[in-house]
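One structure is given below, encoded as structure tokens.
Scope of the values below: all heavy atoms of this structure, side chains included, with no hydrogens, waters or symmetry mates. Order of appearance sets the numbers: ligands from 1, and atoms from 1 within every ligand.
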Amino acid sequence: MSGSEESGAGGSQTLGELGEAGVLKDIFATLTTTDSVLVGPGDDTALLAVSGPVLATTDAMVRGRDWLDEWSSAHDVGVKVVMQNLADLAAMGGVGTGLLVTLIAPGALPARWARDLTAGIAEISAATGVPVIGGDLSSSDGAVAVSVTALGEVPGGRAVLRSGAEPGQEVAVSGSLGRSAAGLEVLRRSGTDGSPSGRHTGLGAGPGAGPAAGWVAYHRRPDPDLSQGPAAAAAGATAMLDVSDGLVRDGGRIATASTVRIDLDEAAIGALAEEFVSELGSAPALDCVLTGGEEHSLLATFPVGTVPPGWTVVGHTAEAGTAGPGVWWRGERTTGGGWDHFGG
Ligand SMILES: Nc1ncnc2c1ncn2[C@@H]1O[C@H](COP(=O)(O)OP(=O)(O)OP(=O)(O)O)[C@@H](O)[C@H]1O
Ligand SMILES: Cc1ncc(C[n+]2csc(CCOP(=O)(O)O)c2C)c(N)n1
Ligand SMILES: [Mg+2]
């Protein structure tokens with residue numbers, strides 16, 4: 001949001017100086033709406049017209065845990081935290097109807113950062129047609145956290161749960177795997193010491209050139225094809241989720257919820273890893289595909305022969321058997337890897 005970064009009341013102002021009303025005024029000025037928003041931001045609650053069952057999900061990002069200021073701009077964080085939520089809606093076969101945004105930050109935070117965050121949120125909101133309908137502000141002694149709650153609906157009328165997979169079905173992914181993790185790895189290798197190569201410039205995709213720059217850009221602002229959620233539901237997907245914590249960990253969630261075994265296809269996974277091999281090496285490349293989080297591509301199961309166009313088959317389901325539900329790779333159950341906020 002280059003425009004408002006330069007406009008407004010000076011570039012060095014803090015949230016404390018702007019005050020709550022000032023911050024809200026800035027935020028409201030950037031927002032767009034839709035016909036189903038009967039009352040938008042500014043009252044005690046929003047009022048939404050809905051025509052059926054409502055999807056509800058929430059996802060938060062915390063500075064130092066989910067992003068580093070050296071690697072991601074506030075605009076990146078805004079885009080990403082909304083996309084995480086919209087991907088969860090898509091993973092049910094749904095689309096968004098409204099977003100609630102909470103910002104918790106110290107008074108010393110530059111107002112420019114909050115404006116840039118809001119610009120990122122407003123940009124993805126406008127691009128996807130999902131309006132911000134409200135939110136909350138609170139302060140902290142230093143932590144910065146952004147939480148988004150998304151409401152949605154299921155256009156096809158059938159929400160796709162994690163629990164519907166059956167033995168003998170195909171397991172497929174709607175887009176890339178490992179790009180966000182590869183981008184994070186490129187950023188890690190470039191360092192966080194403030195050197196020019198490790199700094200977010202806000203201009204290009206960041207460190208590296210060619211494909212690596214694309215992975216970094218994807219890590220900062222994931223761009224999964226959200227339309228594949230409703231498309232998969234319409235095609236008869238039996239189970240679905242978005243890959244936020246890694247193929248193995250998230251695949252395990254479908255396996256457990258559905259009581260099936262998922263066998264990953266070595267050739268298909270190897271082909272997806274190929275993109276990363278020359279830059280990262282073979283083992284890290286494979287690791288990105290198997291355990292990389294924050295991708296937000298959709299992972300779904302389909303009866304054989306019904307996988308929709310644009311999806312890549314990465315495995316199949318089988319009876320859980322005496323070993324129980326789980327994900328199998330190269331003939332063995334795999335449990336390790338993937339993201340866990342508390343390290344489990
Ligand atoms: N603090 C909480 N209180 C109540 N329910 C929670 C809480 N945290 C998570 N859940 C629920 O647990 C389930 C798993 O949450 P999780 O955040 O892992 O979702 P996910 O879709 O697997 O991951 P992601 O949020 O990265 O997309 C969800 O149904 C979520 O609503
Ligand atoms: C500085 C920094 N370190 C690590 C990561 C990686 N990371 C953070 S949360 C997450 C999984 C999804 O979380 P959730 O399940 O809450 O949506 C991953 C893979 C990052 N983005 N930035
Ligand atoms: Mg999810």
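In terms of heavy atoms, T97 sits closest to P131 at O-CD, 3.3 Å. The nearest pair of heavy atoms linking G164 to Q169 is O-OE1, 4.4 Å. Here the closest heavy-atom approach between residue V79 and residue I124 is recorded as CA-CG2, 4.1 Å. Closest approach of D66 to M61, counting heavy atoms only: OD2-CA, 3.4 Å.
When each atom of ligand 2 is checked for a heavy atom of D245 under 4.0 Å away, the hits are 11 (C), 12 (C), 13 (O), 15 (O). Heavy-atom contacts of H219 reach the following atoms of ligand 2: 21 (N) (cutoff under 4.0 Å). Residue S244 approaches ligand 2 through these ligand atoms, each under 4.0 Å from one of its heavy atoms: 11 (C), 12 (C).
A salt bridge between R221 and D223 is absent, with no side-chain N of the basic residue lying under 4.0 Å from a carboxylate O of the acidic one.
Near ligand 1, D59, D88, R162, D242, S244, R253 each place a heavy atom less than 4.0 angstrom from the ligand.
Side-chain contact, S297 with S174: no donor N or O sits under 3.5 Å from an acceptor N or O. At a cut-off of 3.5 Å, with distance as the only test, no side-chain donor of Q84 or S244 sits close to an acceptor on the other residue. In summary, the side chains of E170 and T301 do not present any donor paired with an acceptor at a separation below 3.5 Å, with no hydrogens or angles considered. S227 and D225 form a side-chain donor-acceptor contact under 3.5 Å, judged by distance and modelled atom types alone. Side-chain contact, W215 with E275: a donor N or O sits under 3.5 Å from an acceptor N or O. One side chain, T149 or T58, offers a donor N or O that lies under 3.5 Å from an acceptor on the other.
With hydrogens left out, the protein atom closest to atom 1 (C) of ligand 2 is L68 CG, 3.5 Å, a heavy atom. In this structure, the protein non-hydrogen atom closest to atom 2 (C) of ligand 2 is R65 O, 3.5 Å. Scanning the protein heavy atoms around atom 5 (C) of ligand 2, the nearest turns out to be L184 CD2, 3.7 Å.
Applying the 6.0 Å contact sphere to CZ of R65 captures no more than 12 heavy atoms from other residues, nucleotides or ligands.
Only the side chain of H341 comes within 4.0 Å of ligand 2, judged by heavy-atom distances.
Backbone and side-chain nitrogen or oxygen atoms of E294 are examined, and one is located within less than 3.5 angstrom of a nitrogen or oxygen of ligand 2. Between W339 and ligand 2, no N or O atom pair is found at a separation short of 3.5 Å.
Closest heavy-atom approach to atom 20 (C) of ligand 2 within the set D340, D59, D66, V81: this belongs to D66.
With sequence neighbours excluded, the residues forming a salt bridge (Lys or Arg N to Asp or Glu O under 4.0 Å) with R249 are D340, listed by chain and number. With sequence neighbours left out, D245 forms a salt bridge (Lys or Arg N to Asp or Glu O under 4.0 Å) with R253.
Counting only protein N, O or S atoms, the number found under 2.8 Å from the Mg ion (ligand 3) is 2.
Under the 4.0 angstrom criterion for non-hydrogen atoms, M61 is not in contact with ligand 2.
Cation-pi geometry between R220 and W71 is not met at under 6.0 angstrom from the ring centre and within 45 degrees of the axis.
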